[in-house]
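Here's the structure, in structure tokens; my notes come after.
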Amino acid sequence: MEFRKDRPVWRQVADEMRRRIAAMSPGDLVDSEQSMVQEFGIARGTARKVIAHLREEGVIYTVPGLGSFAGPKPPEDDAEPADRNTS
């Protein structure tokens with residue numbers, strides 16, 4: 001990918017990642033920071049900024065220790081199992 005000089009690199013990478021994520025199904029694993037560093041030739045801090053920005057937009061969600069995933073974070077399932085006696 002060739003970067004334009006009139007826009008910050010992190011925004012250009014975020015645009016490309018947003019395009020890729022749009023073609024994914026919710027819950028699909030998104031490229032890691034390290035894979036972005038290698039593919040785009042960017043600094044790790046730039047990759048972190050891209051991920052943080054996409055997370056703020058709700059395009060991805062991150063699960064610590066597992067990675068980042070496409071789509072908004074699914075709602076937490078706080079309901080108790082149906083077979084559990086709650087009385």
Side-chain angles (χ1 to χ4, degrees):
M1 177 174 182
E2 284 193 40
F3 297 112
R4 296 174 21 196
K5 294 184 180 190
D6 62 335
R7 292 191 72 217
V9 169
W10 73 268
R11 285 197 183 273
Q12 294 176 66
V13 174
D15 289 345
E16 174 61 19
M17 293 304 298
R18 198 178 298 104
R19 185 187 67 72
R20 292 178 186 185
I21 292 164
M24 295 178 159
S25 296
D28 284 353
L29 187 63
V30 175
D31 290 342
S32 67
E33 287 177 8
Q34 188 58 38
S35 64
M36 281 191 262
V37 166
Q38 292 174 350
E39 179 180 351
F40 297 110
I42 58 176
R44 188 164 186 167
T46 302
R48 283 185 184 163
K49 188 168 187 171
V50 169
I51 289 173
H53 182 72
L54 294 173
R55 193 171 38 240
E56 288 171 12
E57 289 182 334
V59 175
I60 64 171
Y61 64 96
T62 301
V63 178
L66 293 179
S68 295
F69 301 87
K73 185 174 183 177
E76 298 291 327
D77 186 10
D78 294 329
E80 293 190 31
D83 62 344
R84 190 168 174 181
N85 185 354
T86 57
S87 45

Which heavy atom of Val37 sits nearest to which heavy atom of Ala47, and what is that distance? CG2-CB, 4.2 Å
Are any of the side-chain heavy atoms of Val50 and Arg11 separated by less than 4.5 Å? no
Hey, could you give me the CG/CE distance between Leu29 and Met24, rounded to the nearest 0.5 Å? 7.5 Å
Give every donor-acceptor pair under 3.5 Å between a side-chain atom in residues 59-69 and any protein atom, sequence neighbours left out.
| from | atom 1 | to | atom 2 | distance (Å) |
| --- | --- | --- | --- | --- |
| Thr62 | OG1 | Arg55 | NH1 | 2.7 |
| Thr62 | OG1 | Ser68 | OG | 2.8 |

Return each pair, listed once, that meets salt bridge (charged side-chain N to carboxylate O under 4.0 Å, His left out) where at least one residue sits in residues 57-75; pairs must be two or more places apart or across chains. Arg18-Glu57, Lys73-Glu76
Sequence neighbours excluded, every pair satisfying ring pair (Phe, Tyr, Trp, His ring centres under 6.0 Å) that has a member inside residues 28-56: Trp10-His53
Atom CG in Leu54, atom NZ in Lys49: separation rounded to 0.5 Å? 12.5 Å
Qualifying salt bridge (charged side-chain N to carboxylate O under 4.0 Å, His left out) pairs with a residue from residues 21-33, counting only residues at least two apart or across chains: Arg20-Asp31, Glu33-Arg44, Glu33-Arg48
Can you name the residues that form a side chain to side chain contact (heavy atoms under 4.5 Å, CB included) with Arg19, not counting sequence neighbours? Glu16
Can you list the residues that meet the side chain to side chain contact (heavy atoms under 4.5 Å, CB included) rule with Pro72, with sequence neighbours excluded? none
Determine whether Met17 and Ile51 satisfy the following criterion, side chain to side chain contact (heavy atoms under 4.5 Å, CB included), listing intermediate values before the conclusion. CA-CA 9 Å; Met17 293 304 298; Ile51 289 173; over 6 Å; no
Atom of Ala70, atom of Ser25 and distance for their closest heavy-atom approach: CB-O, 3.6 Å
